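Step one of this worksheet: look at the structure below.
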Amino acid sequence: MGPSDTRSRILTRRALLGQAAFSGTAFIAAPLRASTINLPFLNGSREMTGAFPQKGEMVLQRTRAPLLETPWETFDKDVFTPNDKFYVRWHWGGIPETVDANTFRLRVHGNVERQLALSLADLMHKLPRVELAAVNQCSGNSRGFFAPRVPGAQWGNGAMGNAKWAGFRLKDLLDLAGVKAGSVQVRFAGLEQPVVDDAPPFLKSLAIDHARDGEVMVAYAMNGQALPFLNGFPLRLVVPGWYATYWVKMLADIDVLDKPDENFWTKKAYLIPDTPRADILPGITDVKMVPINRMVPRSFVTNLSSGERIKASGRNDVRGIAFGGDCGVAKVEISVDSGANWQLAELGPDEGKYGFRRWTAKFTSPAVGQRLSLKTRCVNANGLAQPDKPNWNASGFMRNVIETVDLVTV
Ligand SMILES: Nc1nc2c(c(=O)[nH]1)N[C@H]1C(S)=C(S)[C@@H](COP(=O)(O)O)O[C@H]1N2
Ligand SMILES: [Mo]
């Protein structure tokens, strides 16, 4: 992550501070439109909605707290996911209806030399600006494909997005506060509240060394604009290479802990079996569980979808996106013979190791009326390849099986 590029579109302090507040109608169920789409699994029918502030047409998974999925065709258009199409996921419906950028303060407290309460203007003025492209992916992205099915949001593949994040290093902020010896974790809280009494507020923690690795950042901008309200205006944590559950939105409170965090969301939720690929057999329960952490590689076809007809006996273009997870993409391959042979795809520009990488390839299709299973797989810079069998766990986390698109020649 380098210092800010002054030639890039700089978000001015005025643009950020002048961000308007949003009306509460944002979170009230909008009259549903007739438009629906079908995610490719049983009970995959979803309404499309354009009723949420700063969002275009999104796949409606739930109204309150909002769960909005990015429509798949978005990923074919650009390596960066536009803010108005970026997926949305909240645990609790008690999201503030407005955030006043002028009175907002980010607090840092706990095991520190100096408690801080900094305004957005202070933060932008005091801390060097950094920029980083990174994929934000929900732990449960693609959960709808789990077999046997598991409870939780039945996402297709669109609970992910790639953005260029701008903000400051968490390390620089923590240095300003002066982390005291004996600190073990740093805990993050957003502005929203649970909607039921006694329900645990959404809090997540990172190990102190991770929090100070110089890569974890606090973002005030996304793709050159202030963060959309539903993506965490005015500040969110960005934890490159890690699942989005740690990317706390509307970040307002940072607590440096001298004891391990015992809160529900860090200790009990978002746990995965401590097995390769978080994979277990359905029904097995006596397995050690650990907090979900680093992402694994994935590759997707974006210009063709299952059931589509393609030209027979000819050259066809295929393209898509891949990401390495917690490191860059080493290679992307395609197969047109059910995985017997693989051919290298050509990679697009490298926008940063934590971001999406576009890829293209050509393949020759068989004669008329034949079926063809087009597969794509990513191998990341650590040598980890996508597996050909799906993983399974009871939470529907970390799916990264090799994707297949079934085509017919005409
Ligand atoms: N404050 C807050 N931050 C949060 C959450 C939340 O419920 N509240 N959900 C987390 C989870 S599980 C996900 S998948 C991402 C979603 O980020 P997005 O809505 O910007 O796409 O936000 C994370 N940060
Ligand atoms: Mo998530």
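Each ligand, and each atom within it, is numbered from 1 in the order the structure gives. Because the structure is predicted, anything quoted here is derived from the model rather than measured.
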> Which residue holds the protein heavy atom closest to atom 24 (N) of ligand 1, what is that atom called, and what is the gap in Å?
Replying inline: Trp247 O, 3.0 Å
>> One residue to check: Met250. Relative to ligand 1, which of side chain, backbone, both or neither has a non-hydrogen atom less than 4.0 Å away?
In response: neither
>> Which residue and atom name correspond to the protein heavy atom nearest atom 12 (S) of ligand 1, and how close is it?
In response: Tyr270 OH, 3.1 Å
> Side chains of Ser142 and Trp155: is there a donor and an acceptor less than 3.5 Å apart?
Replying inline: no
> Nearest heavy-atom pair of Phe229 and Ile95: which atoms, and what distance?
Replying inline: CE2-CG2, 4.3 Å
> Just distances here: any N/O of His91 and N/O of ligand 1 closer than 3.5 Å?
Replying inline: yes
> Is it the side chain, the backbone, both or neither of Arg236 that has a heavy atom closer than 4.0 Å to ligand 1?
Replying inline: side chain
Cut-off 3.5 Å, no hydrogens considered: what does the side-chain donor-acceptor table look like for residues 194-211, sequence neighbours left out?
from: Lys204; atom 1: NZ; to: Trp265; atom 2: O; distance (Å): 2.9
from: Ser205; atom 1: OG; to: Asp261; atom 2: OD2; distance (Å): 2.6

> Any idea which protein heavy atom is nearest atom 23 (C) of ligand 1, and the distance to it?
Replying inline: Ala244 O, 3.2 Å
> Quick one: which ligand 1 atoms are inside 4.0 Å of a heavy atom on Cys138?
Replying inline: 14 (S)
> Do the two ring centres, one from Phe300 and one from Trp72, sit under 6.0 Å apart?
Replying inline: yes
> Checking side chain to side chain donor-acceptor pair (under 3.5 Å) for the pair Gln137/Arg298: CA distance, chi angles, key distance, verdict?
Replying inline: CA-CA 11 Å; Gln137 182 185 212; Arg298 300 192 79 175; 3.0 Å; yes
> Based purely on interatomic distance, does Asn231 place a nitrogen or oxygen under 3.5 Å from a nitrogen or oxygen of ligand 1?
Replying inline: yes
>> Given Arg212, which partner from the list Val179, Val186, Asp172 fulfils the side chain to side chain contact (heavy atoms under 4.5 Å, CB included) test?
In response: Val179
>> Considering non-hydrogen atoms of the protein only, which is the closest contact for atom 19 (O) of ligand 1, and what is the distance?
In response: Lys249 NZ, 2.4 Å
>> Below a 4.0 angstrom heavy-atom separation, can you tell me which part of Asn136, side chain or backbone, both or neither, approaches ligand 1?
In response: side chain
> ligand 1 and Trp90, any nitrogen or oxygen pair closer than 3.5 angstrom?
Replying inline: no
> Does the N or O separation between Tyr87 and ligand 1 drop below 3.5 Å for any pair?
Replying inline: yes
> Among all protein non-hydrogen atoms, which one is nearest to atom 2 (C) of ligand 1, and what is the separation to 0.1 Å?
Replying inline: Glu192 OE2, 3.3 Å
> So which heavy atom on Leu304 is nearest to which on Asp317, and how close?
Replying inline: CD1-O, 4.2 Å
> Cation-pi between Arg377 and Trp342: NZ/CZ under 6.0 Å from ring centre and within 45° of the ring axis?
Replying inline: yes
>> When you compare the side chains of Thr70 and Lys85, does any donor N or O come within less than 3.5 Å of an acceptor on the partner?
In response: no
> Considering only protein heavy atoms, which is closest to atom 4 (C) of ligand 1, and at what distance to one decimal place?
Replying inline: Phe202 CE2, 3.5 Å
